[in-house]
Protein chains: 2
Amino acid sequence: MGNKSNNLLLGALEMLVLKALLTEDRHGWGISKRLKQISSGTFTLNVGSLYPALYRLEKKGFVESYAAVSEKGRDARFYRLLPKGKAQLEDQTANWREFSVAVEAVLSSQS
Amino acid sequence: MGNKSNNLLLGALEMLVLKALLTEDRHGWGISKRLKQISSGTFTLNVGSLYPALYRLEKKGFVESYAAVSEKGRDARFYRLLPKGKAQLEDQTANWREFSVAVEAVLSSQS
DNA sequence: CACTTATATTACGTTATTCGAAACATCTAA
DNA sequence: TTAGATGTTTCGAATAACGTAATATAAGTG
């Protein structure tokens with residue numbers, strides 16, 4: 001990742017990437033732009049984190065990739081979310097929410 | 001960590017530990033119980049994660065430890081939050097919140 | 001024309017955290 | 001006496017994320 005103070009993203013990166021692919025196929029660069037935009041700049045993905053995450057997701061059967069030409073006319077590798085990846089996204093999302101509720105409960109606890 | 005589906009905790013553990021020490025000194029075991037309780041069971045800390053985290057925090061000057069007898073009459077190592085650790089807790093809390101807001105923005109985005 | 005910026009990907013080694021597990025010790029309760 | 005609760009230490013393995021560098025081409029600017 002790479003928001004100023006670093007590694008809270010751990011484990012959430014793959015979930016965010018999957019989410020970025022939910023509505024349409026995107027290439028790595030496009031995923032990066034998309035997440036940056038939706039998070040209002042909080043997420044500025046490091047290429048050294050993003051692409052390896054994509055390879056892992058493909059290896060696990062959550063996404064598949066294909067070569068195509070980008071909107072800007074460049075060669076790019078697009079990723080498509082597969083059913084297994086969609087299920088994974090749902091799992092991770094539910095899990096993330098449970099987790100963040102628990103963290104917030106701790107952070108806001110008195111005494 | 002060790003909630004059923006694992007490692008979203010990454011990076012947040014130290015923050016949670018610091019928070020557990022905000023109101024009173026505790027020993028490792030007590031921190032574990034405390035976090036489990038407040039999170040309604042979501043956080044069941046792995047000792048192999050917790051104690052190393054404590055050592056790191058002490059090394060960084062965020063906490064200091066001392067030997068004392070626990071409520072149950074056992075020898076234990078208590079940890080006290082230091083001013084530097086309190087400042088760190090505040091930083092990490094603000095950061096966590098920014099981060100989780102951004103994650104939620106991505107997860108709930110349409111289109 | 002030369003240069004920079006934007007687009008896009010690959011690859012590498014390092015660092016750090018977390019996990020799981022095992023081992024040790026003592027006290028209390030069944 | 002056996003198990004369970006309390007409490008700590010330490011190890012190796014796995015893995016994710018980081019920073020960085022290299023590569024390539026297109027478009028725009030001076």
Side-chain angles (χ1 to χ4, degrees), chain A residues 1-18 20 25-37 43-60 62-63 65-79 92 95 99, chain B residues 1-18 20 25-37 43-60 62-63 65-79 92 99 103:
Chain A
M1 254 304 304
N3 40 343
K4 73 220 77 164
S5 69
N6 43 21
N7 55 356
L8 289 168
L9 191 46
L10 313 162
L13 214 202
E14 292 187 7
M15 175 181 68
L16 296 175
V17 168
L18 291 175
D25 297 359
R26 296 178 198 273
H27 44 75
W29 187 262
I31 291 168
S32 178
K33 300 275 272 190
R34 171 81 177 157
L35 292 179
K36 182 168 186 172
Q37 179 213 332
F43 300 141
T44 51
L45 305 196
N46 186 311
V47 296
S49 303
L50 174 61
Y51 290 100
L54 252 3
Y55 307 150
R56 290 196 301 273
L57 290 170
E58 184 158 28
K59 193 172 169 190
K60 291 186 234 172
F62 295 149
V63 303
S65 69
Y66 56 93
V69 174
S70 79
E71 326 73 54
K72 307 286 181 176
R74 320 296 292 276
D75 287 344
R77 176 149 296 273
F78 281 74
Y79 289 86
Q92 284 193 240
N95 208 257
F99 175 74
Chain B
M1 258 303 305
N3 39 342
K4 73 221 71 164
S5 68
N6 40 23
N7 54 356
L8 290 167
L9 191 48
L10 313 161
L13 215 203
E14 291 189 7
M15 175 180 68
L16 296 174
V17 168
L18 291 176
D25 297 0
R26 297 178 196 274
H27 45 75
W29 188 263
I31 291 167
S32 178
K33 301 275 271 189
R34 171 81 177 158
L35 292 179
K36 183 168 187 172
Q37 179 213 333
F43 302 140
T44 52
L45 303 197
N46 186 310
V47 296
S49 302
L50 174 61
Y51 289 100
L54 252 4
Y55 307 151
R56 290 196 301 273
L57 290 171
E58 184 159 29
K59 194 170 169 192
K60 291 186 234 175
F62 294 149
V63 302
S65 70
Y66 55 94
V69 174
S70 78
E71 326 73 54
K72 308 284 182 177
R74 321 295 292 275
D75 288 345
R77 176 150 297 275
F78 282 75
Y79 290 85
Q92 284 192 239
F99 174 74
V103 170

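In what follows, chains are A, B, ... by sequence order, proteins preceding strands, each numbered from 1.
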### Query
Whole-Å distance between D:dT23 P and A:Arg77 CZ?
21 Å
### Message
Can you see if the side chain of B:Tyr51 gets near the phosphate of D:dT9 - specifically, an N or O under 4.0 Å from OP1 or OP2?
### Response
no
Please tabulate the protein-to-nucleotide N/O contacts below 3.5 Å involving nucleotides 27-30 of chain C, giving atom names and distances.
none

### Query
Side chains of B:Tyr79 and B:Val17: closer than 4.5 Å at any heavy-atom pair?
no
#### Entry: Spacing of OG1 belonging to A:Thr44 relative to CG belonging to A:Leu50, to within rounding of 0.5 Å
11.5 Å
#### Entry: Validation row: B:Pro52, B:Arg56 side chains within 4.5 angstrom (heavy atoms)
yes
## Note on the structure
By ring pair (Phe, Tyr, Trp, His ring centres under 6.0 Å), A:Tyr51 pairs with (sequence neighbours left out) none
#### Entry: Minimal non-hydrogen separation, B:Arg26 against B:Arg34, with atom names
NH2-NE, 3.2 Å
### Query
Of all heavy-atom pairs between B:Ser32 and B:Leu45, which one has the smallest distance, and what is that distance?
OG-CB, 4.0 Å
### Task
Would you mind reading off the distance between A:Leu16 atom CG and D:dA16 atom P, rounded to a whole angstrom?
15 Å
### Query
Within the pair A:Asn46 and D:dG19, is there a side-chain N or O less than 4.0 Å away from OP1 or OP2?
yes
#### Entry: Listed partners of B:Lys33 passing salt bridge (charged side-chain N to carboxylate O under 4.0 Å, His left out), at least two apart
none
### Task
Locate the shortest heavy-atom distance separating B:Leu16 from B:Phe43; write the atom from each residue and the value.
CD1-CE1, 3.8 Å
#### Entry: Phosphate OP1/OP2 of D:dA16: any A:Ser49 side-chain N/O under 4.0 Å
no
#### Entry: NZ-CH2 distance between A:Lys72 and A:Trp29, expressed to the nearest 0.5 angstrom
11.0 Å
### DNA chain C contacts among residues 25-33 of chain A, heavy-atom distance under 4.0 Å
A:His27, A:Gly28, A:Trp29, A:Lys33
### Message
Can you give me the closest heavy-atom contact between B:Leu54 and B:Gly28, atom names plus distance?
### Response
CD2-CA, 4.0 Å
### Task
Output the single nucleotide from D:dT8, C:dA8, C:dA11 whose closest atom is nearest the side chain of A:Val47.
C:dA11
Sort me out a list of protein N/O and nucleotides 12-14 of chain D N/O pairs below 3.5 Å, or just none if empty.
none

### Message
Tell me which residues in residues 52-60 of chain A lie within less than 4.0 Å of DNA chain D, going by non-hydrogen atoms.
### Response
A:Arg56
### Heavy-atom pair of closest approach, residues B:Leu13 and B:Ala53
CD1-CB, 4.1 Å
### Message
From CZ of B:Arg34 over to C1' of D:dT6, roughly how many Å is that when rounded to an integer?
### Response
19 Å
### Query
Between B:His27 and B:Phe78, how do the two ring planes meet: parallel, tilted or perpendicular, split at 30° and 60°?
perpendicular
### Query
Could you state the CG-P distance from B:Leu50 to C:dA21, rounded to the nearest angstrom?
18 Å
### Query
Taking atom P of C:dT17 as reference, at what distance in whole Å does atom CD of B:Gln92 sit?
11 Å
### Query
What's the CG-C1' distance between B:Leu45 and D:dT6, to the nearest Å?
16 Å
